[in-house]
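By convention in this document, chain letters (A, B, ...) are assigned in the order of the sequence lines, proteins followed by strands, and residues within each chain are numbered from 1. All of these numbers come straight from a predicted model, not from anything done at the bench.
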Amino acid sequence: MVDAAVLTEGINAVWVLTVTFLIFFMQAGFAMLEAGNVRAKNAGNVLMKNMMDWSMGVLVYFFVGLGIAGIAAGLTAPGGYSVAESFSYVNDPGAWIGWLFGAVFAMTAATIVSGAVAEQLKFRAYLFYSVGITAFIYPAIQGFAWGGGLLSGSGYLGAAFGTGYLDFAGATVVHMLGGVAGLVGAYMVGPRKGRYTSAGKSIPIPGHSVPLVVLGTLMLAFGWYGFNVGTQATVLAVEAGALVFKGEALGRVAINTTLGMGAGAVGTTAYTWIKDKPDPVLTANGLLAGLVAVTGAVPHVTVWGGISLGLIAGIQVPLVYRFVVDKMKVDDVCGVFAVHGSAGAIGTLLIPVFAVSGFSAAQLGMQAAGILVITVWTVVTTYAVFKVAEVTVGLRVSDAEETEGLDKGEHGVSAYPEFGTEARGGEGL
Amino acid sequence: MVDAAVLTEGINAVWVLTVTFLIFFMQAGFAMLEAGNVRAKNAGNVLMKNMMDWSMGVLVYFFVGLGIAGIAAGLTAPGGYSVAESFSYVNDPGAWIGWLFGAVFAMTAATIVSGAVAEQLKFRAYLFYSVGITAFIYPAIQGFAWGGGLLSGSGYLGAAFGTGYLDFAGATVVHMLGGVAGLVGAYMVGPRKGRYTSAGKSIPIPGHSVPLVVLGTLMLAFGWYGFNVGTQATVLAVEAGALVFKGEALGRVAINTTLGMGAGAVGTTAYTWIKDKPDPVLTANGLLAGLVAVTGAVPHVTVWGGISLGLIAGIQVPLVYRFVVDKMKVDDVCGVFAVHGSAGAIGTLLIPVFAVSGFSAAQLGMQAAGILVITVWTVVTTYAVFKVAEVTVGLRVSDAEETEGLDKGEHGVSAYPEFGTEARGGEGL
Amino acid sequence: MVDAAVLTEGINAVWVLTVTFLIFFMQAGFAMLEAGNVRAKNAGNVLMKNMMDWSMGVLVYFFVGLGIAGIAAGLTAPGGYSVAESFSYVNDPGAWIGWLFGAVFAMTAATIVSGAVAEQLKFRAYLFYSVGITAFIYPAIQGFAWGGGLLSGSGYLGAAFGTGYLDFAGATVVHMLGGVAGLVGAYMVGPRKGRYTSAGKSIPIPGHSVPLVVLGTLMLAFGWYGFNVGTQATVLAVEAGALVFKGEALGRVAINTTLGMGAGAVGTTAYTWIKDKPDPVLTANGLLAGLVAVTGAVPHVTVWGGISLGLIAGIQVPLVYRFVVDKMKVDDVCGVFAVHGSAGAIGTLLIPVFAVSGFSAAQLGMQAAGILVITVWTVVTTYAVFKVAEVTVGLRVSDAEETEGLDKGEHGVSAYPEFGTEARGGEGL
Amino acid sequence: MKLVTAVIRPEKLEDVKTALAEAGYPSMTVTDVKGRGKQKGVEQTWRGETYRVDLLNKVKVEIGIIDDEVDEVLGVLEEAASTGSIGDGKVFVTPVERALRIRTGETGEEAL
Amino acid sequence: MKLVTAVIRPEKLEDVKTALAEAGYPSMTVTDVKGRGKQKGVEQTWRGETYRVDLLNKVKVEIGIIDDEVDEVLGVLEEAASTGSIGDGKVFVTPVERALRIRTGETGEEAL
Amino acid sequence: MKLVTAVIRPEKLEDVKTALAEAGYPSMTVTDVKGRGKQKGVEQTWRGETYRVDLLNKVKVEIGIIDDEVDEVLGVLEEAASTGSIGDGKVFVTPVERALRIRTGETGEEAL
Ligand SMILES: Nc1ncnc2c1ncn2[C@@H]1O[C@H](COP(=O)(O)OP(=O)(O)O)[C@@H](O)[C@H]1O
Ligand SMILES: Nc1ncnc2c1ncn2[C@@H]1O[C@H](COP(=O)(O)OP(=O)(O)O)[C@@H](O)[C@H]1O
Ligand SMILES: Nc1ncnc2c1ncn2[C@@H]1O[C@H](COP(=O)(O)OP(=O)(O)O)[C@@H](O)[C@H]1O
């Protein structure tokens, strides 16, 4: 006999595992994107940071993170929490596919931060923050938004608005959180040497490889299909005893992801071309911003909505980036706030405006409230964790080390031992 | 109760989405392959072209392309067409997974062209052509071959031959179309400065990175499994009321894809080694040509057929490439005609020769007719679109810009701001 | 009617094909990892080796390899063998998905070797060995361990111990075999010029790109999810007539893969940091060693076991690597023995120590015996095959060619025609 | 003996090589350099922000010759490397007291 | 005329460029070089093994000037390029017998 | 003072460095250059098409010394850089009028 529940479990598991692997691949995408965005002398360091936030992160998220999410949810919704239950996944093999699916989202949030603070943040300070975000900062928001906590329909805030916060795959829960954390980190560690003249004028510091930037971007877009379409984790369901195929829901998330991405790149390119010349690095950023903007919205909005969110996100990238750099004087190395932060916030806020189900003022209110909660939480906790790092291990490498490059100072290596500005020796020039 | 139809829909959707993501990843593969094949001074431009043909392309294919395919099919087969029906997918969420599966094929055809005309074609002329191919040139052929139009069994031409055109996953519909379009484009924009001596002797212009070429090639091969095996979209079917597993069909497409790829690389390597030395760039091209050649044939031919097609495709790469360069005097920068054009034509033409079902002269006739139709259509429409681009925005960048590189001229950037032939400044050498 | 057996076949096939594609992608990962680990002048050669071991290998494994596996199994277990049956897959489309799943494992073993002998082994000698490992050396072990042969519960040795050899996805069958073969190859071809002073002190020869090393590593980790989780090929099964979902088994392999990988990177980083500075290349190696160590163990051990194996594997990487280089004086270019060889052996040996089912001395004995058999077999056959290559085509390129680089000598190309130490000409500097 | 050091446009190297070889001076040593003179640099962007690259790519060509050949070599260089636009470059002639061909040990003018 | 050749720290190039330009010597040719002097190299690692890089990155700056300007230029260089630590570099002054501006054909001191 | 400029084979740099250091001349400045002389270039291919690379990789070594040391340094270079095959390279000796050690401000022969 074919039991429909077992069947759907099996099929959905194949799907969830597949997309989980795609989402994991975003780690490689971020590593390449960030490496391309920094100077060659800091490429090894940023790659190391990317490898370690994943590697340490999964251990931390297994022993602490996911449990904290459960507790955070229980604390902020009627019903309360149980520590034992929140941590029960640790010994329950049946929960481990779900744990891994959660972990790849957590690590995405964590790894975004390294892009903002590349080229001057100490390696140990980065690891310290990385533990903080995977153990605590992200899990709390995960619990609030997706674990039945504060922002969900049954949480204290959601109940107040009479509706839960909508953020399907983490435009704010994952990306905006990472982008805001990056902004706070970049603010605290301060601009790279030479990033501003003494008069405060900004001078860009080009990264070392546009091909790596584009490679990383397209690897991310590939993984993003897992991120967005995969979050529609239910391919088949049993409803009223009958097997139901969720093809329309899957189709909507897939098409909004695609058109949002396309519109993001088109938006940035069009805007920059009108102003000046179309720029590959900005277009790559715009493509990602389009993806971020629709990440929370894919199942909720029309295709016109998906396209609009992508376009808006693409256009705002150069504007917000320059605002951060020129007005806030924060040296956000990879532009993570414009790409992940503001794009995530805008895309999620506007869900009710483009909703398939029509506009709802209560929902708009809830969206604004949710974004506020996540932003405030992230700013406060990130500030606190980096502050502790500052007074203990210090945030910033020495001036001499920054000049020489973090690869030499922190790791004793050269990313390109034979090329460019690197000295060679030993076995010949 | 488990309804077999719902069940198969669900499982097949998981499969189709998964392979669609893999096919999307080919965009990244083409970007890297083409970037490696050009000089560093044009790498940013070719990456930009690759990002934009996808990003603009999906919007165009959503609003225009797929509808045109339906109309083209209806126009060339009895039964006629309905504009409303052809465009009904725009508002039908149930059609969107299918749309996306169609879109990744369309964008593959489009993106092949950029490789042929890298290093001298204006960015805006490229975008113009890109709209043309995704809105019209490719969709028409898609409708002819796969949409029940001209070349299908029920289309006017197919009916005349008494059999439909066989091109399983697009060896000609996608790849040859892209390769021929690239050839026409390269012919029209003219050779790069210095590609031929005044006496007409060809001087190769090496690209800047063999590792990028091989990376792109292997990324493409990975995505190609989605392309070929994924087109066998039916994993489970309901036949005579019973669930049927299509394992043999899947097995055949998977093994022919694998052995065709292997034989392609082996063919090129063996041929070039006999002539001179085995060459990594040519071997990478041969591996892809093997894949192209079997793309139309995978479910139809024996394994011996798959291997033979791969071998032939591999061996013809250096021969056809030199013919294009030396005899036709067309400067096909990435060799896309030999890899996608001729390999696709040969592989598709020979399907009846290696067919599991035995040889059929009618089928051979139909294959030749189909290839002719696609070639003529592609040449004429591509010529027309590029001609319009020529008289409006112009095809070719100025001599000075070509010398300086399109990255500077078109985008104001340098792909490797710290390396090689690039000037640095600002924050120090 | 929905037949449960057909259904599970279909779903499991979707899963197996998907993970097979991921495992194929490891070819690209190895290519990038090895290219980054060699000097620019040998990058084209190592990429060529990587393309060809796959391309030739699949043909060899189709015509010979998998059949040999069947024969090897039959020869070493009661029941005997039939050549016809062993090769029956060649004409059986229903066996071809399974063949491809086997092939990607075989090619992984083969491609590991190229990393150990990069930069001095002749291209033709490499191809010769590559045929040997895919036709014979690996298939025999595959038959012994997974085909019901010598090491399985019913094989002569397994029966003697009363239990079969445990190596789930090939920590030893694939990885240790490749790592040991690489060590033997590196020993036979001898160290690169300049690798040791006349006094025998080792001088490292840095590779040319840390970003390529990390890219390759993360691509491998992505593919590894296919490797490990995919080997749990049964998502749904029919047990006692009822459909059963194998979610716990899948969950265990997925989580042990993840935590083992994380612990591997953390182990290496911690150890090297205590000694000196954390090193990106070593950390990348440690991450892979963690994966190797758990590859055989994922379904059998507890999460604490998975973490422990990863940690041990990570810590042993720098120790074993230095032992190979300093004490054995073998110039293992990419460190494949420490990453694939010793890590695989340790991880597989310790399975009984961390087993979910509790410790078993017999199992420990069987594990030791299996490792011994695989090691001895690999050493002897690899030595023999390389010896034949030595006396026929020769193993090592000439001194002059090694100095100039294998790219020029073997292939007449330059991997980076515009950069670094490469001369340019023709179309201008 | 003299060493003629010319800093020229990279895109003129091919012409200069050909012209020198035709005039009988195939030997040379070439270096990628960056420079500024009257030409004031160009603007580039990164993520849409503009920065000034004030050292431009040039190529340095060094040619060791005997005293009598200086006029001819300068003439060839002026002819082959000039575009008439700003940024064409400079030539410096410096004295060489000794020369040595490493392969043969020849010194003096035979070494050139 | 003289050619002043300074081998300096890469991180000092920006200061040197600025100082020379302010003193009225904007023209220069810059080359990436490696060198050793009193400074004895640094250690780097690959896969945890240490090796010595005994040629360190330096930048060579060449400035063609007239004879009277040598003292001023040397002063500017000493001031702008010095950190007081080992590895600051050297300056060599060599005679230039002829100079040529390729664009205009001007020779001698006007060419500088 | 003299500046000895040697253009040698890249693979000989290690030997030259060692030999010079042993002879008491550890200080040097090294540049990657390309050159042609008697040696006429090599053929390379791209996608199977052959092209001629007529500038080969060489390394330029510059050593600032006092006048008396020229003979010894030339001897060391000839010995260490020679293979006897075409392409071994050249050495040029040019006069240096002034030298300056940036760190200390020392000038003249002490600066070397
Ligand atoms: N006085 C100088 N000293 C050293 N190099 C110089 C000098 N003047 C010019 N150069 C070199 O020549 C290049 C071209 O000089 P520029 O003045 O722009 O040419 P022109 O005056 O002919 O237009 C510069 O980039 C620089 O490398
Ligand atoms: N005698 C020399 N000949 C050529 N180049 C030299 C000489 N002495 C120093 N240099 C160059 O100057 C650089 C810095 O020299 P160093 O002796 O380390 O400086 P300092 O003595 O001021 O500390 C060296 O790396 C080398 O490039
Ligand atoms: N007259 C010259 N002027 C400048 N550089 C030269 C000259 N002759 C040789 N060289 C340099 O020396 C290198 C080796 O010269 P080559 O003539 O091939 O050596 P050999 O004559 O000893 O075989 C050349 O590649 C070039 O860089």
Under a 4.5 Å cutoff for heavy-atom pairs, which residue among [options] has the most contacts with chain B?
| options | value |
| --- | --- |
| Thr18(A), Val235(A), Ile11(A), Thr258(A) | Thr258(A) |
| Val213(A), Val281(A), Thr302(A), Thr283(A) | Thr283(A) |
| Ala265(A), Gly310(A), Gly226(A) | Ala265(A) |
| Ala263(A), Gly290(A), Ala284(A) | Ala284(A) |

Under a 4.5 Å heavy-atom cut-off, does chain A meet the side chain of [X], its backbone, both or neither?
| X | value |
| --- | --- |
| Phe21(B) | both |
| Tyr61(B) | neither |
| Met56(B) | both |
| Ala35(B) | neither |
| Leu22(B) | both |
| Ile23(B) | neither |
| Glu9(B) | both |

Hey, which of Ser209(B), Gly10(B), Gly94(B) has the most heavy atom pairs under 4.5 Å with chain A? Gly10(B)
For Thr257(A) and Asn228(A): C-alpha separation, side-chain torsions, deciding distance, then whether side-chain hydrogen bond (donor to acceptor under 3.5 Å, both in side chains) applies. CA-CA 7 Å; Thr257(A) 299; Asn228(A) 282 6; 3.1 Å; yes
According to the interplanar angle, ranging from 0 to 90°, do the rings of Phe123(B) and Trp273(A) count as parallel (below 30°), tilted (30 to 60°) or perpendicular (above 60°)? tilted
Charged N to carboxylate O below 4.0 Å: is that the case for [X] and [Y]?
| X | Y | result |
| --- | --- | --- |
| Glu402(A) | Lys193(A) | no |
| Arg192(A) | Asp331(A) | yes |
| Glu239(B) | Lys246(B) | yes |
| Glu410(B) | Lys122(B) | no |

Atom group of [X] that falls short of 4.5 Å from chain B, counting heavy atoms:
| X | result |
| --- | --- |
| Leu212(A) | neither |
| Trp304(A) | side chain |
| Leu259(A) | both |

Just by distance, do the side chain of Asp407(B) and the backbone of Asn45(B) share a donor-acceptor pair under 3.5 Å? yes
Could you check whether any side-chain N or O of Arg39(A) sits under 3.5 Å from a backbone N or O of Glu418(B), counting only pairs where one atom can act as donor and the other as acceptor? no
Ring centroid separation Phe105(B) to Phe227(B) under 6.0 Å: yes
Do Phe354(A) and His300(A) make the cut of ring centroids closer than 6.0 angstrom? no
Looking only at heavy atoms, what is the nearest atom pair of [X] and [Y], with distance?
| X | Y | result |
| --- | --- | --- |
| Ala233(B) | Trp15(B) | O-CD1, 3.6 Å |
| Met261(A) | Tyr225(A) | CE-OH, 3.7 Å |
| His411(B) | Pro278(A) | ND1-O, 2.9 Å |

What residues of residues 214-223 of chain B sit under 4.5 Å from chain A when only non-hydrogen atoms are counted? Leu215(B), Met219(B), Phe222(B)
